[in-house]
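Worksheet: one structure, shown below.
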2 protein chains.
Amino acid sequence: MPINNSTHIANYDSALRALGDNLKRIRRQFSISQEQLAERCGLHRTYVGAVERGERNPSLTSLLRLSHGLGIPLSELVYGVDQ
Amino acid sequence: MPINNSTHIANYDSALRALGDNLKRIRRQFSISQEQLAERCGLHRTYVGAVERGERNPSLTSLLRLSHGLGIPLSELVYGVDQ
DNA sequence: CTGTGACTCATAGTCCGTT
DNA sequence: CAACGGACTATGAGTCACA
């Protein structure tokens, strides 16, 4: 991986887990299935599931697909709050 | 229940260009070089340059590295404004 | 200091399934 | 409906020499 200048480089796994938790929570608020969400986003069912489990590190375009598919801002997906 | 349909599932290239423009503008406001920014983020110089040119589609972790390196929220990088 | 093309390697993302 | 697996292709990560 990258060069690492010791400072604040750390917790990106937890960011991925947070993303997954937020995604799952918000999706459930809309009462839709992973499959329905995937269809709305133009992504695959199994991929959305993996993101919710924090197992994937989505690209910007995938993040935007998800936020558009849910009609929410990116910050709500990533940080859990609408900043 | 929100929205969606293929109408707004399109222009992700423009989102990548917007990201690059925002990144370059913000970096210049800090008066630092691509090289210095890259070092702060733990990324490679040429990679940061390619993102600024809209040639890369960074993952969430790369986006977080950049936003942390600059000390700004993700939304400012992606949308150009602190939402 | 930055842009570019090319490259390797890892993983994003899809698709077929079963539990 | 969701988790998970295996196999696969496309693309991102990360680097370099050089312009």
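So you know, we letter chains A, B, ... as the sequences are listed, proteins then strands, and number each from 1.
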Specify the separation, in whole Å, of atom [atom1] of [X] and atom [atom2] of [N].
X	N	atom1	atom2	answer
R65(B)	dA13(D)	CZ	P	10 Å
L43(A)	dT14(C)	CG	C1'	10 Å
L66(B)	dG14(D)	CG	P	11 Å
H44(A)	dT9(D)	NE2	P	16 Å
Y12(A)	dA10(C)	OH	C1'	19 Å
L16(A)	dG13(C)	CG	P	12 Å
L37(A)	dA2(D)	CG	C1'	13 Å
L60(A)	dG12(D)	CG	C1'	12 Å

Side-chain N or O of S59(B) versus OP1/OP2 of dA12(C): is the shortest distance under 4.0 Å?
no
Phosphate oxygens OP1/OP2 of dC1(C): is one of them under 4.0 Å from a side-chain N or O of K24(B)?
no
Heavy atoms under 4.0 Å, any strand shown: does [X] hit a base, just sugar-phosphate, or nothing?
X	value
E55(A)	sugar-phosphate
R28(A)	nothing
S62(B)	sugar-phosphate
E52(A)	nothing

Determine, for E39(A) against R45(A), whether the closest basic-nitrogen to carboxylate-oxygen distance falls under 4.0 angstrom.
no
Which comes earlier along DNA chain C counting from the 5' end, the contact point of R53(B) or that of N57(B), where each point is its nearest nucleotide?
R53(B)
Could you check which of [options] has an atom nearest any side-chain atom of [X]?
X	options	answer
S33(B)	dT14(C), dA13(D), dC1(C)	dC1(C)
Q34(B)	dG14(D), dG3(C), dA12(C)	dG3(C)
Y47(A)	dT14(C), dT15(D), dT2(C)	dT14(C)

Distance criterion of 3.5 Å, no angle test: do you see the side chain of [X] paired donor-to-acceptor with the base of [N]?
X	N	answer
R56(B)	dA13(D)	yes
R45(B)	dG3(C)	yes
T46(B)	dC16(D)	yes

Taking the side chain as everything from C-beta on, heavy atoms only, tell me whether [X] gets closer than 4.5 Å to [Y].
X	Y	result
L23(B)	L70(B)	yes
L74(B)	L66(B)	no
K24(B)	R27(B)	yes
L16(A)	P58(A)	yes
R17(A)	Y12(A)	no
V78(B)	N22(B)	no

Are any side-chain N or O atoms of D21(A) and backbone N or O atoms of E52(A), one a donor and one an acceptor, separated by less than 3.5 Å?
no
So for the helix from dT2(C)-dA19(D) to dT19(C)-dA2(D), with five pairs setting each end axis, what is the inter-axis angle to 10°?
50°
